[in-house]
Amino acid sequence: MQKNSFLFATSFPTHHSVLIKSDKTKWQEWTFPPNCKTIKGLAGGAYFSAFYNEFNEIYVLGKNDKINNNNLIKITDIWYKLNNSLNENNEIKNLFVNQHYIIVQLQNDKLIINANTIINQFQKIGIKYVTCGPLSNTFIVVDKNDQIFNVIFDNVVKLDSKEITTTIKCIGCSDNSFILVTIDNKMFVHGNNQFNVQSGLYSTDKFSYITTPFEKESEIMDVKCGYYHTVVLLKNGTVYVCGHNNLGQTNVYNQVNVPHFTKLTHPLFENEFITKIYCSSRGTVLITKNYNTAYFIGEVIYSI
């Protein structure tokens, strides 16, 4: 079964209302609803994208039959307004999308899942990070005490992170794996390492430290996960990859699975300085300094 993502489901810094999607061979503008003058946040998962505007209205595009049981729409090529219980006193802070959910984070750190399920437990301590993968069935919450929670719809489970003794800097989420980076440039993984998405280390009961080839090379700036591949960006502009490579999403020649973190190289961008990374389900995107160039690797070349 083919699984694609709305990859550039994110707002660019200087173009809040002009965003583009891929139509296989060309780029085109999305047509937004006429009352949406400012797109404040936009996110994409494997099957649909969502955004919210200055009025706290949420719109969805794509296959959204599991978003809201009261609004069943199988496929839509236009932005559809999602009924929700938000009001002007509950301003949206952020928006996230995975395979089945739209996760809304309010300014008071209340979470609303698919417009009708509310999670209140993070309001007292506060939320530091929320993240999910484009085809994940779960999402991760890191609170301001650096406690880590796995959320499957409304089921919140605290994960064992006793090995982590310094501040969490960033975290990535694939289908059943979580990749975490701390401020001292160490990496920890939690999950079943399917297709070596955890660079070979299996650890389903806790976050475990993993030795990486880049820990001493340069500061880790970001980590992103597709369905079963992981991409890491360093401060020096270098990118490392591991995991599933069935469609060339890690760009490692002649390997279906990349067992350990490997430096991403290609003649096209060997002299480029990479400053942003993104993952679709089975694709990778590299953005160069000043947004001059975007390089697409894997399935995303053919369809987003």
Side-chain angles (χ1 to χ4, degrees), residues 3-12 41-46 49 94-99 103 128-142 148 168-182 185 187-191 193-199 210 212 214 218-245 247-252 258 260-264 266 269 272-288 291 294-301 304:
K3 296 177 175 67
N4 302 322
S5 292
F6 292 91
L7 182 72
F8 272 119
T10 184
S11 53
F12 294 148
L42 180 66
S49 292
N94 219 330
L95 181 73
F96 308 88
V97 174
N98 64 8
Q99 182 174 182
I103 304 109
K128 185 176 181 179
Y129 300 119
V130 177
T131 191
C132 59
L135 204 60
S136 62
N137 292 302
T138 180
F139 66 96
I140 290 294
V141 175
V142 180
I148 308 165
I168 296 170
K169 180 177 181 179
C170 57
I171 188 168
C173 175
S174 73
D175 182 36
N176 294 301
S177 294
F178 316 120
I179 318 295
L180 181 150
V181 176
T182 56
N185 226 41
M187 179 172 283
F188 297 82
V189 298
H190 186 300
N193 188 45
Q194 190 162 355
F195 298 108
N196 292 304
V197 67
Q198 296 170 199
S199 191
I210 182 170
T212 65
F214 43 78
S218 182
E219 182 183 353
I220 301 169
M221 301 306 293
D222 198 7
V223 55
K224 291 287 196 300
C225 296
Y227 193 24
Y228 289 119
H229 75 288
T230 301
V231 183
V232 176
L233 174 66
L234 305 185
K235 191 174 183 178
N236 64 7
T238 302
V239 175
Y240 281 82
V241 293
C242 69
H244 208 21
N245 191 42
L247 293 172
Q249 55 265 50
T250 68
N251 200 49
V252 177
V258 181
H260 304 289
F261 279 117
T262 302
K263 188 177 294 187
L264 180 60
H266 193 281
F269 49 81
E272 296 274 21
F273 192 91
I274 307 301
T275 57
K276 295 284 184 181
I277 53 173
Y278 298 93
C279 285
S280 64
S281 301
R282 300 189 297 193
T284 303
V285 171
L286 312 176
I287 308 295
T288 63
Y291 291 90
Y295 293 98
F296 299 79
I297 303 167
E299 184 180 38
V300 71
I301 294 174
I304 294 183

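FYI, the numbering just counts along the sequence from 1.
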Just jot down the ring pair (Phe, Tyr, Trp, His ring centres under 6.0 Å) partners of [X], sequence neighbours excluded, or say none.
{"X": "F214", "answer": "Y240, F261"}
{"X": "Y295", "answer": "F269"}
{"X": "H229", "answer": "none"}

Under the side-chain hydrogen bond (donor to acceptor under 3.5 Å, both in side chains) test, residues paired with [X] that sit two or more places apart:
{"X": "T138", "value": "N150"}
{"X": "T238", "value": "N236"}
{"X": "N98", "value": "none"}

As an exercise, state the distance from [atom1] of [X] to [atom2] of [Y], rounded to the nearest 0.5 Å.
{"X": "E272", "Y": "L286", "atom1": "CD", "atom2": "CG", "answer": "9.5 Å"}
{"X": "S281", "Y": "L247", "atom1": "OG", "atom2": "CG", "answer": "10.5 Å"}
{"X": "N251", "Y": "T262", "atom1": "CG", "atom2": "OG1", "answer": "11.5 Å"}
{"X": "I274", "Y": "L233", "atom1": "CD1", "atom2": "CG", "answer": "8.0 Å"}
{"X": "N245", "Y": "N196", "atom1": "CG", "atom2": "CG", "answer": "11.5 Å"}
{"X": "Y129", "Y": "I140", "atom1": "OH", "atom2": "CD1", "answer": "14.0 Å"}

Can you list everything that forms a side-chain contact (heavy atoms from CB on, under 4.5 Å) with [X]? Sequence neighbours excluded, please.
{"X": "C225", "result": "S174, I179, T230"}
{"X": "N137", "result": "Q99, H100, D175"}
{"X": "H244", "result": "F195, Y228, N246, Q249, V256, N257"}
{"X": "T182", "result": "I164, T166, L180, D184, K186, F188"}

Give the minimum heavy-atom separation between V130 and F96, together with the two atoms involved.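 Looking at all heavy atoms of both residues, the closest pair is O-CE2, 3.1 Å.
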Say whether, by atom type as modelled, one donor and one acceptor occur between the side chain of N185 and the main chain of I220 under 3.5 angstrom.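 It does hold such a pair.
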Looking at N176 and Q194, would you say the former's side chain and the latter's main chain have a donor-acceptor pair under 3.5 Å?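 Side chain of N176 to backbone of Q194: no pair is present.
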In V239, V258, T284, the residue satisfying side chain to side chain contact (heavy atoms under 4.5 Å, CB included) with T250 is V258
So [Y] and [X], do their side chains get closer than 4.5 Å, heavy atoms only?
{"X": "C170", "Y": "V223", "answer": "yes"}
{"X": "M187", "Y": "V232", "answer": "yes"}
{"X": "M221", "Y": "K169", "answer": "yes"}
{"X": "I168", "Y": "I148", "answer": "yes"}
{"X": "I210", "Y": "S199", "answer": "yes"}

Check salt bridge (charged side-chain N to carboxylate O under 4.0 Å, His left out) between K235 and all other residues, then give those that pass, not counting sequence neighbours.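 Scan of K235 (salt bridge (charged side-chain N to carboxylate O under 4.0 Å, His left out), adjacent residues dropped) gives E219.
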By salt bridge (charged side-chain N to carboxylate O under 4.0 Å, His left out), which residues pair with D222, not counting sequence neighbours?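 So D222 forms a salt bridge (charged side-chain N to carboxylate O under 4.0 Å, His left out) with K224.
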